[in-house]
Q: 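Just dropping this structure here.
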Amino acid sequence: MSKHPTKLDCPQCGTSVEWSDDFPHRPFCSKRCQLIDFGGWAKEEHRIAGDNVEDEIFSEDLDRLN
């Protein structure tokens, strides 16, 4: 039985990437794609769905101060 490495598509450019130590930037195909994605998070272009818990916590603190 031969074991085939898991492959996935780079979330940035779609290039097929093997999930192995030969690809240290996985799930990205390269450092470039990894940095492009990181830049999107830094510029708040990416978001995780859900309620913003910090806003709720801070608004409760403000209510207590007033």
Side-chain angles (χ1 to χ4, degrees):
M1 181 173 157
S2 66
K3 185 177 179 181
H4 297 284
T6 302
K7 289 193 174 196
L8 59 138
D9 293 335
C10 173
Q12 188 62 41
C13 71
T15 299
S16 183
V17 179
E18 209 175 89
W19 192 270
S20 72
D21 292 338
D22 294 334
F23 293 90
H25 305 295
R26 62 189 181 274
F28 302 98
C29 67
S30 65
K31 184 71 172 175
R32 179 182 180 275
C33 281
Q34 186 182 46
L35 289 172
I36 291 170
D37 184 75
F38 179 72
W41 285 102
K43 291 191 268 181
E44 297 184 358
E45 293 172 349
H46 304 307
R47 301 193 192 319
I48 298 174
D51 296 330
N52 192 341
V53 176
E54 287 180 4
D55 286 346
E56 292 174 20
I57 292 170
F58 291 133
S59 65
E60 289 173 10
D61 289 342
L62 289 174
D63 290 343
R64 285 186 211 141
L65 293 174
N66 291 329

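Keep in mind that the numbers below use all heavy atoms, side chains included, and drop hydrogens, waters and symmetry copies. Treat the numbers as computed from the prediction; the structure is a model and nothing was measured.
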Q: Considering all heavy atoms of both residues, which atom of Pro27 and which atom of Val17 are nearest to each other, and what is their separation?
A: O-CG2, 4.2 Å

Q: Go through the structure and list residues passing salt bridge (Lys or Arg N to Asp or Glu O under 4.0 Å) with Asp21, not counting sequence neighbours.
A: Arg26

Q: So, do Asp9 and Ser16 sit near enough that their side-chain heavy atoms are less than 4.5 Å apart?
A: yes

Q: Enter the distance from Lys7:NZ to Ser20:OG here, rounded to the nearest 0.5 Å.
A: 9.5 Å

Q: Taking salt bridge (Lys or Arg N to Asp or Glu O under 4.0 Å) as the test, write out the residues that go with Glu45, two or more places apart.
A: Lys43

Q: Linking Ile, Leu, Val, Met, Phe, Trp and Tyr by side-chain heavy atoms under 4.5 Å, what else ends up with Ile36?
A: none

Q: Would you mind listing the cluster partners of Leu35? Hydrophobic ones only (ILVMFWY), side-chain contacts under 4.5 Å, chaining allowed.
A: none

Q: What pair of heavy atoms forms the shortest contact from Thr15 to Cys13, and how long is it?
A: OG1-SG, 3.1 Å

Q: Got a sec, which pairs hit ring-ring contact (aromatic ring centres under 6.0 Å, His included) with one end in residues 8-41, sequence neighbours left out?
A: Trp41-His46

